[in-house]
Amino acid sequence: QVQLVESGGGLVQVGASLSLSCVASGRTFSIDSMGWFRQAPGKGREFVGGLSWSGGRTYYAASVQGRFTISRTNAKHMVTLQMNSLKPCDPAVYYCAAGSSGSYFSSSAYGWWGPGTQVTVSS
């Protein structure tokens, strides 16, 4: 089994930055893709982006490309979502996710989920 725990959520102002972290535990050797999803109130789950653990390549949704950056800390099996220039459309519960398929660019590749962390943006 794989367990994921997010941290770093909170309240920030429009235009500010926030960094979220996710640490994987358990059968981490099974993981080849790690990424982030978000869900705003009344909306469905949105694929924010992901990375290939073995290759280090990344993918970003058009809505966050250029503002968000996904990185990894291999020794800790940790993935970070650096969010810059936050907009009013960014508030949501952000979920860390992982998968074994290696298709980091596809939302369907992710089957393990963290409990989520709330990000709120104030004007």
Side-chain angles (χ1 to χ4, degrees):
Q1 184 67 274
V2 172
Q3 295 83 40
L4 304 170
V5 179
E6 307 95 339
S7 62
L11 173 64
V12 297
Q13 294 183 332
V14 171
S17 298
L18 189 66
S19 181
L20 307 180
S21 296
C22 172
V23 177
S25 62
R27 300 173 65 87
T28 56
F29 56 85
S30 300
I31 298 173
D32 199 43
S33 300
M34 292 189 71
W36 293 89
F37 292 76
R38 66 184 182 184
Q39 187 167 20
K43 297 184 178 180
R45 183 185 65 184
E46 179 186 10
F47 183 36
V48 175
L51 65 78
S52 169
W53 195 259
S54 58
R57 296 179 293 275
T58 55
Y59 166 85
Y60 301 98
S63 59
V64 305
Q65 197 164 39
R67 298 188 297 119
F68 291 10
T69 302
I70 299 174
S71 60
R72 63 180 179 178
T73 302
N74 189 59
K76 300 179 180 180
H77 230 109
M78 180 176 72
V79 64
T80 298
L81 180 66
Q82 177 65 45
M83 303 183 291
N84 298 326
S85 302
L86 285 163
K87 299 179 178 180
C89 59
D90 292 324
V93 176
Y94 283 73
Y95 297 92
C96 179
S100 61
S101 72
S103 300
Y104 64 96
F105 49 85
S106 175
S107 62
S108 63
Y110 299 90
W112 295 299
W113 304 90
T117 185
Q118 178 70 52
V119 174
T120 303
V121 180
S122 63
S123 60

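All values reported here derive from a predicted model rather than from experimental measurement.
Here R67 pairs with V64, S85, K87, D90 under the side chain to side chain contact (heavy atoms under 4.5 Å, CB included) rule; sequence neighbours left out. Take V93 and apply the side chain to side chain contact (heavy atoms under 4.5 Å, CB included) test, not counting sequence neighbours, and it matches Y95, Q118. With sequence neighbours excluded, the residues forming a side chain to side chain contact (heavy atoms under 4.5 Å, CB included) with A40 are K43, A92, listed by chain and number. In this view, F37 and F47, Y110, W113 satisfy the ring pair (Phe, Tyr, Trp, His ring centres under 6.0 Å) rule, not counting sequence neighbours. Among residues two or more places apart in sequence or in another chain, the side chain to side chain contact (heavy atoms under 4.5 Å, CB included) test is passed with A109 by S101, S103. Residues satisfying the side-chain hydrogen bond (donor to acceptor under 3.5 Å, both in side chains) criterion with S123, sequence neighbours excluded, are absent altogether. With sequence neighbours left out, Y94 forms a side-chain hydrogen bond (donor to acceptor under 3.5 Å, both in side chains) with R38.
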Kindly indicate, with the supporting measurements, whether the criterion side chain to side chain contact (heavy atoms under 4.5 Å, CB included) is fulfilled by W112 and S30. CA-CA 11 Å; W112 295 299; S30 300; 4.0 Å; yes
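With hydrophobic clusters built from ILVMFWY side chains whose heavy atoms lie under 4.5 angstrom apart, F68 does not share a cluster with Y104.
Between L20 and T80, every side-chain heavy-atom pair lies at or beyond the 4.5 Å cut-off. In this structure, V23 and V5 have side chains that are not in contact, with every pair of non-hydrogen atoms separated by 4.5 Å or more. Using a 4.5 Å heavy-atom threshold, the side chains of V12 and V121 count as touching. For the pair P115/E6, a side-chain contact is recorded, criterion being any heavy-atom separation below 4.5 Å from C-beta on. No side-chain heavy atom of S7 sits under 4.5 Å from any side-chain heavy atom of T117.
Counting only distance, with no hydrogens or angles, the side chain of T120 and the backbone of L11 share no donor-acceptor pair below 3.5 Å.
Sorted by first then second residue, the side-chain hydrogen bond (donor to acceptor under 3.5 Å, both in side chains) pairs that include residues 11-21, not counting sequence neighbours, are S17-N84. The salt bridge (charged side-chain N to carboxylate O under 4.0 Å, His left out) contacts involving residues 105-123 comprise nothing, where partners must be two or more places apart or lie in separate chains. Listed by first then second residue, pairs satisfying disulfide (SG to SG under 2.5 Å) with a partner in residues 13-51 read C22-C96, not counting sequence neighbours.
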Enumerate, atom names and distances included, each donor-acceptor pair closer than 3.5 Å involving a side-chain atom of residues 54-63, sequence neighbours excluded.
residue: S54; atom: OG; partner: D32; partner atom: OD1; Å: 2.9
residue: Y60; atom: OH; partner: I70; partner atom: N; Å: 2.8
residue: S63; atom: OG; partner: E46; partner atom: OE2; Å: 2.9

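Residues S108 and S106 approach most closely at OG-OG, 2.8 Å, considering heavy atoms.
In the hydrophobic clustering, where aliphatic and aromatic side chains (Ile, Leu, Val, Met, Phe, Trp, Tyr) are joined below 4.5 Å either directly or transitively, F29 stands alone.
Taking CD of Q82 as the reference point, atom OG1 of T69 lies at 7.0 Å (rounded to 0.5 Å). Note that the CE atom of M34 and the OG1 atom of T28 stand 9.5 Å from one another [nearest 0.5 Å].
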